[in-house]
Amino acid sequence: MTDLLKAVVLGLIQGFTEFLPISSSAHLRFFPELFGWGDPGAAFTAVIQIGTELAVLIYFRHDIWRIGKAWLLSLFKPEWRGHFDARMGWFIIIGSLPIVILGVLLKDVIERDFRNLWIIVTTLIVMGIALGIADRFSSDDKRLKDIGMREAILMGLAQALALVPGVSRSGATISMGRALGFEREAATRYAFLLAIPAVIGAGLYELKEVPGGDNAYGWGPTLVATIVSFLVGYAAIAWLLRYVSTNSYAPFVIYRVLLGVTMLILLGMGVVVA
C-alpha cells in the first residue's frame, strides 16, 4: 500500500477516535503495527491532530469568538472581568498550562518511552475503567456555567495525563469532569474547548519534524491525513455531543477494555511487537 493510501486510513482513524474517549494516539500506534506499517511517529500523530482541532475551531466558532472577545475586553474593561465568558477564557488558558509545561519537559520521554505498546495497553484499560466509574457515580448536577478555577485546574491536570498514549485527552478530561459532578454534555464540551491550545500548539511545534525526524511519512501523506482527519472529525463532534445528551459512556468503556485485552493477547503471542 502506498504512503498516500496509508495516510488516508490513518486520517480516518484519527478523525473517528480523536473526540471519542478511546484514545486516538493508542489507535494510531497500535493499528499501523497490526497492519505491518510500523510506528508513524509522534510528530506525524501530533501534526494530523491539527486537522481534528480545526474541526473543533469551526464547530465551536461562535463559542470561541464569544469567549475570546469577552476575555480580551476583560483585560482593559473591569466591568467585563466577572463575565462568564471572560472567566472561561482564563479557565482554558490556566487549564492548558499543565499539558504544555509537561509536554515540553518530557518531550523525549513521550516520543521514546511512552509509545511502548505495553504502556499504551495498560493506560487504555485503566483509564477506561476510570471513565466508567466516574460516569456511573457522577452526581450529574453541574453545568458548564458552574465551572470555577478549582475545576479548571483539576481538569487541566487530568488532560495532562494524555501525554501518555492510551489515556485519551478527551477521556481524561471527561472523567475528571464527571467525577466533579458535571453533566455529560458539559464535560464533553469543555474537554473539546480545553484541548484547542494544547493540540494546535503541539502540532505546530512538531511541524519541523515532518520532513524526516520522528515521522514515517513526508509532507504529502501527512497533509492528506490531516485533511481526512478534519472532515471525519467534524462529523464525530456533532455525533458525540448528540449521543452523550441521552446516553452514557458505557460503550466506550467496554470498547477500551476489549481493545486493551486484544492488544495484550496479540503482544503476548508476538503477533505485534511493542
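Quick note: numbers below take in every heavy atom, side chains included, and nothing from hydrogens, waters or symmetry partners.
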(message) Is there a side-chain contact between V100 and P197 in this structure, where contact means two heavy atoms from C-beta onward sitting under 4.5 Å apart?
(response) no

(message) Would the distance check show the side chain of T123 and the main-chain N or O of P165 forming a donor-acceptor pair, the cut-off being under 3.5 Å?
(response) yes

(message) If I take atom CD1 from residue I13 and atom OG from residue S229, how far apart are they, to the nearest 0.5 angstrom?
(response) 11.5 Å

(message) Are F114 and V47 linked, directly or through intermediate hydrophobic residues, by side-chain heavy-atom contacts shorter than 4.5 Å (ILVMFWY only)?
(response) no

(message) Return the CD1 to OH distance between I92 and Y190, rounded to the nearest 0.5 Å.
(response) 6.0 Å

(message) Taking side-chain contact (heavy atoms from CB on, under 4.5 Å) as the definition, give me every residue that meets it alongside V253, ordered by chain and number, with sequence neighbours left out.
(response) L131

(message) Restricting to non-hydrogen atoms, name the atom on I147 and the atom on R87 that form the minimum distance, rounded to 0.1 Å.
(response) O-NH1, 4.1 Å

(request) Report yes or no: does K145 contribute a side-chain atom to a donor-acceptor pair with the main-chain N or O of F84 at less than 3.5 Å? (result) no

(message) Applying side chain to side chain donor-acceptor pair (under 3.5 Å) as the test, list every pair that has at least one member in residues 124-136; sequence neighbours left out.
(response) D135-R178, D135-R184

(message) Quick test of your reading: applying side chain to side chain donor-acceptor pair (under 3.5 Å), list the pairs with at least one residue in residues 48-70, sequence neighbours left out, ordered by first then second residue.
(response) Q14-T52, R66-D85

(request) Compare every heavy atom of G233 with every heavy atom of A55, then report the nearest pair and how far apart it is. (result) CB-C, 4.1 Å

(message) If you define the side chain from C-beta out and look only at heavy atoms, does anything of F35 sit under 4.5 Å from K6?
(response) no

(request) Mind checking the CG-CD1 spacing from L223 to I48? Nearest 0.5 Å is all I need. (result) 11.5 Å

(message) Checking ring-ring contact (aromatic ring centres under 6.0 Å, His included) between F19 and each of Y234, F192, F252, which is the one that passes?
(response) F192

(message) If I compare all heavy atoms of L194 with all of G95, which pair ends up nearest, and what's the gap?
(response) CD1-C, 3.7 Å

(request) Please collect all side chain to side chain donor-acceptor pair (under 3.5 Å) contacts where either partner lies in residues 239-263, sequence neighbours excluded, each pair once. (result) H27-Y255, T188-Y249

(message) For the OG1 atom of T173 and the CG atom of L154, what is their distance to the nearest 0.5 Å?
(response) 11.5 Å

(message) Is there a path of hydrophobic side-chain contacts, each under 4.5 Å between heavy atoms of I/L/V/M/F/W/Y residues, joining I153 to L163?
(response) no

(message) To check you understand the geometry: which heavy-atom pair defines the closest contact between A134 and S175, and what is its length?
(response) CB-O, 3.4 Å

(request) Determine, using the 4.5 Å side-chain heavy-atom cutoff (strictly less than), whether L241 and L231 are members of one ILVMFWY cluster. (result) yes

(message) Check whether E33 reaches the backbone of F30 with its side chain - one donor and one acceptor, N or O, closer than 3.5 Å.
(response) no

(request) For L54, check side-chain contact (heavy atoms from CB on, under 4.5 Å) against everything at least two apart and list the hits. (result) I50, L57, F230

(request) Output, in order, the C-alpha distance, side-chain angles, deciding distance and verdict of salt bridge (charged side-chain N to carboxylate O under 4.0 Å, His left out) for E185 and R143. (result) CA-CA 8 Å; E185 197 275 340; R143 289 164 174 73; over 6 Å; no

(request) Could you grab the distance from atom CG of L267 to atom CE of M269, nearest 0.5 Å is fine? (result) 11.0 Å

(request) Kindly write out the residues that satisfy salt bridge (charged side-chain N to carboxylate O under 4.0 Å, His left out) with D146, not counting sequence neighbours, or none if the list is empty. (result) none

(request) Determine, step by step, whether F31 and V9 satisfy the side chain to side chain contact (heavy atoms under 4.5 Å, CB included) criterion, reporting the C-alpha distance in whole Å, the side-chain angles of both residues, the deciding distance to 0.1 Å, and the verdict. (result) CA-CA 10 Å; F31 282 97; V9 174; over 6 Å; no

(request) Measure the CD-CG distance between Q159 and L97 for me, rounded to the nearest 0.5 Å. (result) 10.5 Å

(message) Through direct or indirect side-chain contacts below 4.5 angstrom among Ile, Leu, Val, Met, Phe, Trp and Tyr, which residues connect to W80?
(response) L73

(message) If you compare all heavy atoms of L102 against all heavy atoms of I110, which two are closest, and at what distance to 0.1 Å?
(response) O-CD1, 4.3 Å

(request) In sequence, state the C-alpha distance, the side-chain angles, and the governing distance for L193 and F60, and then conclude on side chain to side chain contact (heavy atoms under 4.5 Å, CB included). (result) CA-CA 8 Å; L193 293 172; F60 292 106; 4.1 Å; yes

(message) How close do R29 and L117 get, counting heavy atoms only, and between which atoms?
(response) CG-CD2, 3.6 Å

(message) Under the salt bridge (charged side-chain N to carboxylate O under 4.0 Å, His left out) definition, can you give me all pairs with a residue in residues 90-99, not counting sequence neighbours?
(response) none

(message) Among residues at least two apart in sequence or on other chains, which ones pass side-chain hydrogen bond (donor to acceptor under 3.5 Å, both in side chains) with D141?
(response) S139

(request) Determine whether I64 and L240 fall in the same hydrophobic cluster, where Ile, Leu, Val, Met, Phe, Trp and Tyr are linked whenever their side-chain heavy atoms lie under 4.5 Å apart. (result) yes

(message) Same cluster or not: L34 versus I22, using hydrophobic residues (I, L, V, M, F, W, Y) connected whenever any side-chain heavy atoms lie under 4.5 Å apart?
(response) yes

(message) By the ring-ring contact (aromatic ring centres under 6.0 Å, His included) test, which pairs, at least two apart or in different chains, include something from residues 85-113?
(response) W71-W90

(request) Quick one: name the residues clustered hydrophobically with V104, using the 4.5 Å side-chain heavy-atom rule over I, L, V, M, F, W, Y, and just say none if it's on its own. (result) none

(request) For the pair S24 (side chain) and E18 (backbone), establish whether a donor and an acceptor sit closer than 3.5 Å, ignoring hydrogens and angles. (result) no

(request) Please lay out, stage by stage, how M127 and V164 fare under the test side chain to side chain contact (heavy atoms under 4.5 Å, CB included). (result) CA-CA 11 Å; M127 292 305 295; V164 182; over 6 Å; no

(message) Could you work out, with side-chain contact (heavy atoms from CB on, under 4.5 Å) as the rule, every residue matching L264, not counting sequence neighbours?
(response) W118, V121, I125

